[in-house]
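Down below is the structure, laid out as structure tokens.
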Amino acid sequence: MSEQSQRILVFSHKAEVREAIMNAVGRRPAADLGRVEWVEAAGIADVLAEMDAGSVDLAILDGEAQPTGGIGLTRQLKHEIDDCPPIIVAVRRRDDRWLATWALADAVLVHPLDPLTAAETVAGVLRAGRVPAVNGG
């Protein structure tokens, strides 16, 4: 797995939120993982197309996205896609972590994003593959 690139989908209707997530995680979240190839999605249709195609190793969804948030979208994807890739939900309020867990997110990040925590969380989920590893952030 070391030199294989990791395709990570990042979803938010706001470009600045996508950028903040990508900057926090970086191009290589851990030395033992390959570089990240970021796939940006500003709308639900793009997320569904990428997830249905099975072309991503991990998705990071903005829990505050409009009009459909990442929490509801996570629950939908986990129920509708067989062998769904791991999903991390980024929330604004620490108290919303339980909602992301309820939605079957594999991990949760809380804004403002700490680069060390974000990279460690992403690396842990990628290492675990498709085995749920909820990380309360």
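- Taking NE2 of His13 as the reference point, atom CD1 of Ile44 lies at 10.5 Å (rounded to 0.5 Å).
- Here the closest heavy-atom approach between residue Val36 and residue Pro29 is recorded as CG2-CD, 3.5 Å.
- When side chains are defined from C-beta on, Ile71 counts as touching Val91, because their heavy atoms get closer than 4.5 Å.
- Nearest heavy atom pair, residue Arg27 against residue Trp38, reads NH1-CD1, 3.5 Å.
- The two residues Val125 and Ala107 make their nearest non-hydrogen contact at CG2-CB, 3.7 Å.
- The two residues Arg127 and Ala30 have their closest heavy-atom pair at NH2-CB, 3.2 Å.
- Between Lys78 and Ala103 the shortest heavy-atom distance is CG-O, 4.1 Å.
- Of the candidates Ile60, Ile88, Val25, Ile88 is the only one forming a side-chain contact (heavy atoms from CB on, under 4.5 Å) with Thr121.
- The shortest non-hydrogen separation linking Gln6 to Gly34 is CG-O, 4.1 Å.
- The CD1 atom of Ile8 sits 5.0 Å away from the CG atom of Leu126 when rounded to the nearest 0.5 Å.
- Note: Glu37 CD to Arg7 CZ = 4.5 Å, rounded to the nearest 0.5 Å.
- With sequence neighbours left out, the side-chain contact (heavy atoms from CB on, under 4.5 Å) criterion links Leu77 to Val47, Leu48, Met51, Leu61, Leu73, Ile81, Cys84, Ile87.
- Under the rule for a side-chain contact (heavy atoms from CB on, under 4.5 Å), the partners of Val17 that lie at least two apart in sequence or sit in another chain are Ser12, Lys14, Ile21, Asp62, Arg92, His111.
- A donor-acceptor pair is defined here as one N or O able to donate and one able to accept, closer than 3.5 Å; no such pair exists between the side chain of Arg75 and the backbone of Gly72.
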